[in-house]
Amino acid sequence: MNADAVLRLLAETYPRARTALAHETPFQLLVATMLSAQSTDAGVNRVTAELFRRYPDARAFARLEPEELESHIRTLGLYRNKARHIIATARKLVEEYAGEVPRTREELERLPGVGPKTANVVLANAFGVPAIAVDTHVHRVANRLGLARASDPLRTEQQLMAVIPEALWAPAHHWLIWHGRQVCHARKPRCEGCPLEPHCRYARERASTREPMIGGS
DNA sequence: ATCCCGAGGG
DNA sequence: CCCTCTGGAT
């Protein structure tokens with residue numbers, strides 16, 4: 001593997017890759033992240049622009065009826081679960097945290113509809129807590145590049161944090177996800193034109209064996 | 001037709 | 001561990 005090269009390329013391509021969820025407060029980032037499952041940033045940003053204008057904070061969301069929220073987020077998929085969870089979380093925030101978002105992983109994961117991935121995104125992007133959330137894409141890309149080698153997401157996160165300088169953890173998280181979606185697909189990766197191809201173990205195996213051993217997920 | 005930046009529930 | 005929820009992108 002070639003961690004230095006990967007990190008250098010990461011720094012170069014990151015500004016173009018950044019597809020952050022639009023938000024102005026930790027609560028808004030929490031909601032946007034909960035909406036992002038099985039959806040695109042563009043789609044989420046499109047609905048939250050209107051949503052956050054009308055319902056800017058946890059207190060406003062806590063008063064929402066599910067049907068009302070569903071009508072805003074229907075195009076994002078999984079809308080019933082998302083609406084139910086977001087409202088339940090908003091109500092819990094109002095009742096137990098004075099409408100604010102808690103800052104610990106344990107408290108975040110106790111909110112309805114908030115799991116390890118969502119908690120990590122909020123911790124890293126709203127509260128500056130060092131973390132690299134490992135999802136399907138992060139895991140696959142890291143494996144292919146040789147930055148991490150594990151079937152266990154926790155182990156992968158630790159390996160990534162060991163290889164990547166702390167200042168780059170947040171960018172790396174965004175970049176790995178973006179790259180996994182746009183370029184390094186599970187099935188049909190677009191290795192042609194990928195700036196990492198010369199450093200990528202997967203690309204090498206793919207070129208030589210026609211059936212690479214390093215897979216997705 | 002197939003896959004998805006996830007969580008809850010059986 | 002496996003299933004389900006959903007529309008949208010490819």
Side-chain angles (χ1 to χ4, degrees), chain A residues 10 13-14 16-23 26 28-48 50-51 66-67 69-93 101-102 105-126 129 131-145 147-148 151-154 156-157 160 164 169-193 215-217:
Chain A
L10 188 159
T13 54
Y14 174 62
R16 181 167 57 84
R18 178 168 212 149
T19 59
L21 298 167
H23 67 281
Q28 292 185 354
L29 177 63
L30 175 61
V31 172
T33 305
M34 293 174 79
L35 289 173
S36 74
Q38 309 287 35
S39 194
T40 64
D41 283 354
V44 172
N45 289 339
R46 193 180 337 113
V47 312
T48 55
E50 167 74 1
L51 205 50
E67 294 74 19
L69 183 51
E70 287 172 12
S71 73
H72 285 272
I73 68 174
R74 184 154 295 128
T75 56
L76 299 181
L78 309 181
Y79 63 89
R80 264 190 282 254
N81 286 337
K82 287 175 179 175
R84 182 164 41 88
H85 288 147
I86 287 167
I87 290 172
T89 283
R91 291 179 179 166
K92 183 164 181 174
L93 293 182
V101 179
R105 191 179 306 268
E106 292 70 28
E107 289 172 304
L108 283 166
E109 291 193 19
R110 254 177 254 133
L111 299 169
V114 178
K117 318 288 178 60
T118 304
N120 254 357
V121 170
V122 171
L123 287 169
N125 295 286
V129 173
I132 301 176
V134 175
D135 55 45
T136 321
H137 295 312
V138 173
H139 195 246
R140 181 180 63 253
V141 175
N143 278 161
R144 285 177 173 174
L145 291 176
L147 291 176
S151 54
D152 172 18
L154 252 55
T156 298
E157 179 171 23
L160 285 176
I164 300 172
W169 285 355
H173 172 234
H174 284 301
W175 186 86
L176 288 164
I177 287 174
W178 176 86
H179 193 252
R181 286 196 85 145
Q182 304 299 323
V183 180
C184 197
H185 301 275
R187 293 300 187 98
K188 48 161 196 114
R190 303 168 47 184
C191 295
E192 351 56 71
S217 93

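Here is the naming used below: chain letters follow the sequence lines, and residue numbers restart at 1 for every chain. Nothing here was measured: the structure is a model prediction, and the numbers come from that model.
- For the pair A/S39 and B/dC4, the criterion of a side-chain N or O lying under 4.0 Å from OP1 or OP2 is not met.
- Spacing between atom CZ of A/R74 and atom C1' of C/dC5 amounts to 14 Å, rounded to whole angstrom units.
- Minimum atom distance to the side chain of A/K188 is reached by C/dT10, of the listed C/dT10, C/dA9, B/dC4.
- In this structure, CG on A/D41 lies 11.5 Å from CG on A/L35, to the nearest 0.5 angstrom.
- Of the side-chain N and O atoms in A/R80, one or more sit less than 4.0 angstrom from OP1 or OP2 of C/dT6.
- Mapping A/G113 and A/S36 onto DNA chain B by nearest heavy atom places A/S36 at the nucleotide closer to the 5' end.
- In this structure, A/Y79 places its OH atom 5 Å from P of C/dG7, rounding to the nearest Å.
- Within the nucleic acid shown, A/R181 comes within 4.0 Å of at least one base atom, counting heavy atoms only.
- Residues A/P66 and A/R84 form no side-chain contact, since every pair of their non-hydrogen atoms from C-beta on lies 4.5 Å or further apart.
- In the set B/dC4, C/dC5, C/dG8, C/dC5 carries the atom at the smallest distance from any side-chain atom of A/N81.
- A straight line from CD1 of A/I73 to P of C/dG8 spans 12 Å, rounded to a whole angstrom.
- Distances were taken from every side-chain heavy atom of A/R140 (C-beta onward) to each of B/dC4, C/dA9, B/dG8; the shortest belongs to B/dC4.
- In this structure, A/L35 atom CG and C/dC5 atom C1' are separated by 15 Å, rounded to whole Å.
- The interatomic distance linking A/K117 (NZ) with B/dA7 (P) rounds to 6 Å, in whole Å.
- Neither side chain, A/N143 nor A/R140, offers a donor N or O lying under 3.5 Å from an acceptor on the other.
- One interatomic measurement links the two molecules: CG of A/D41 to C1' of C/dA9, which rounds to 14 Å at whole-angstrom precision.
- The residue A/T33 sits apart from the nucleic acid: no heavy atom pair falls under 4.0 Å.
- Look at CD on A/E70: it is 8 Å from P on C/dT6, rounded to the nearest Å.
- In this structure, CG on A/L108 lies 9.5 Å from OG1 on A/T118, to the nearest 0.5 angstrom.
- Along DNA chain C, the nucleotide nearest A/K82 and the nucleotide nearest A/T40 are compared for position; the residue whose nucleotide lies closer to the 5' end is A/K82.
- The side chain to side chain contact (heavy atoms under 4.5 Å, CB included) test with A/H23 is passed by exactly one of A/L29, A/L30, A/T33, A/N45: A/L29.
- Toward the 5' end of DNA chain B, the nearer of the two residues A/R187 and A/A37, judged by each one's closest nucleotide, is A/R187.
- At the heavy-atom level, A/H85 lies under 4.0 Å from the strands shown only through sugar-phosphate atoms.
- In this structure, A/Q182 places its CD atom 13 Å from P of C/dA9, rounding to the nearest Å.
- Taking atom P on both C/dT6 and B/dA1, the two are 22 Å apart, rounded to the nearest angstrom.
- Side chain of A/T75, nearest nucleotide from C/dA9, C/dG8, B/dA7: C/dG8.
- Of the inter-residue distances, the one linking A/R46 atom CZ with A/H72 atom NE2 reads 14.5 Å to the nearest 0.5 angstrom.
- Taking every side-chain heavy atom of A/D135 into account, B/dG6 is the closest of B/dG6, C/dA9, B/dC4.
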